[in-house]
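Lettering of chains follows the sequences in order, A, B, ..., and the numbering in each one begins at 1.
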2 protein chains.
Amino acid sequence: MNAEPPKKFPPTQAGKTFGKRCPMPEIAQLIGGKWKLIILQVLIFQGTKRFGELKREVEGITQTMLTSQLRALEKDGLVSREIFPEVPPRVEYTATAKALALTDMFHAMHEWWVLQNNEQAS
Amino acid sequence: MNAEPPKKFPPTQAGKTFGKRCPMPEIAQLIGGKWKLIILQVLIFQGTKRFGELKREVEGITQTMLTSQLRALEKDGLVSREIFPEVPPRVEYTATAKALALTDMFHAMHEWWVLQNNEQAS
DNA sequence: GCCAATAGTATCGTTTTCCTGACTAAGTGC
DNA sequence: GCACTTAGTCAGGAAAACGATACTATTGGC
């Protein structure tokens, strides 16, 4: 039903902006996996959060996972971590400028998703 | 060194376009993993390809993987598959409209990548 | 009859990712 | 001294993703 007519189109058209291609494997290292995009989405669109808030926000994630993903994101410069030496401890996570620069990509993804799930809006 | 000053910013600013959030897990099902984005990139920006061409284009992928990823993409309506009953066999793969709608997302990703790897380009 | 070419499939093993549950530190209130 | 809080860590196992190798079908050419 939704099968496209497989019309061949010439390979011109958009090959230039992309040169060959940007290295997907490396991008996947940064933002791939089951949790990273979700965590980033929360931090980018909702602002700074502390560990426990994030855990509640990203539903289904375990402590272990949240910690490890946050450590990876921090190492890659996508989130920053601030420790407040209080008791009980408080640690806040914030999206860095590098992560905020992903905003456009998130919007593009979102638009795509919306478009595909509303198909035919004439 | 490249740690951002962890300035907190208010949670306003962008929460509206996104309502709560678009379901990342489902998006990840469609385009996640090691190969799908690479395959889509080739088909979207270079046009229709046959199996063997694709295998040469996506370097490092095995037959088995390419087949399984293409099957998954086809099932999700992102590529269409056309079989030519010749010998030796010929099968062509084309990005569907649904996949072509991802073009903006690819561009956003690419821009992000370029920006982060050229940091400071004044 | 045998080889070559393309687009697969089948089977198994490895590697990576993810989850579970138990444990820790440090101060506060009782 | 005991429980309670938060933000972790650690060990172990299960599950999913990925990879290597061998095999199939078809037919044209030698």
Would you call the rings of B:Y93 and B:F51 parallel, tilted or perpendicular, where under 30° means parallel and over 60° means perpendicular? tilted
Problem set entry | Short side-chain N/O contact from B:R50 to OP1 or OP2 of C:dT6, under 4.0 Å | no
Open item on the list: Please determine whether a side-chain nitrogen or oxygen atom of B:R81 lies at a distance below 4.0 Å from atom OP1 or OP2 of C:dA7.
Closed with: no
Whole-Å distance, A:L66 CG to D:dT9 C1', equals 14 Å
- Task: Go through the N and O atoms of the side chain of B:T64 and the base of D:dT21, and report whether any donor-acceptor pair is under 3.5 Å.
- Result: yes
When rounded to whole Å, the NZ to P distance for the pair A:K55 and D:dA7 reads 11 Å
Closest to the side chain of A:T67, out of D:dT6, D:dT9, C:dG8, is D:dT9
Separation of C:dT6 atom C1' from B:E92 atom CD, nearest Å, is 13 Å
Pair B:E92 + B:K49, salt bridge at N-O below 4.0 Å: no
note: A:F84, atom CZ; D:dT5, atom C1'; distance rounded to Å ~ 18 Å
Keeping A:T96 on the side-chain end and A:G77 on the backbone end, is there a donor-acceptor pair under 3.5 Å? yes
(message) Less than 4.0 angstrom from a charged side-chain N to a carboxylate O is my criterion; do A:K55 and A:E53 meet it?
(response) no
Ignoring backbone atoms, establish whether B:R90 has a side-chain N or O less than 4.0 Å from OP1 or OP2 of C:dA5. no
Taking for A:G60 and for A:V87 the nucleotide of DNA chain C with the nearest heavy atom, the one nearer the 5' end belongs to A:G60
Taken to the nearest whole Å, CE/A:M65 to C1'/D:dA7 is 17 Å
From CD of B:Q63 across to C1' of C:dA5 the rounded distance in Å is 12 Å
Requested in this report: Looking at every strand, decide which applies to A:T62 at a 4.0 Å heavy-atom threshold: base, sugar-phosphate, or nothing.
Outcome: base
Rounded to whole Å, CZ of A:R71 lies from P of D:dC10 at a distance of 11 Å
Taking for A:G52 and for B:P88 the nucleotide of DNA chain D with the nearest heavy atom, the one nearer the 5' end belongs to A:G52
Which of B:E82, B:R81, B:R50, B:E86 passes side-chain contact (heavy atoms from CB on, under 4.5 Å) with B:V91? Answer is B:R81
When rounded to whole Å, the CG to P distance for the pair A:L70 and C:dC18 reads 14 Å
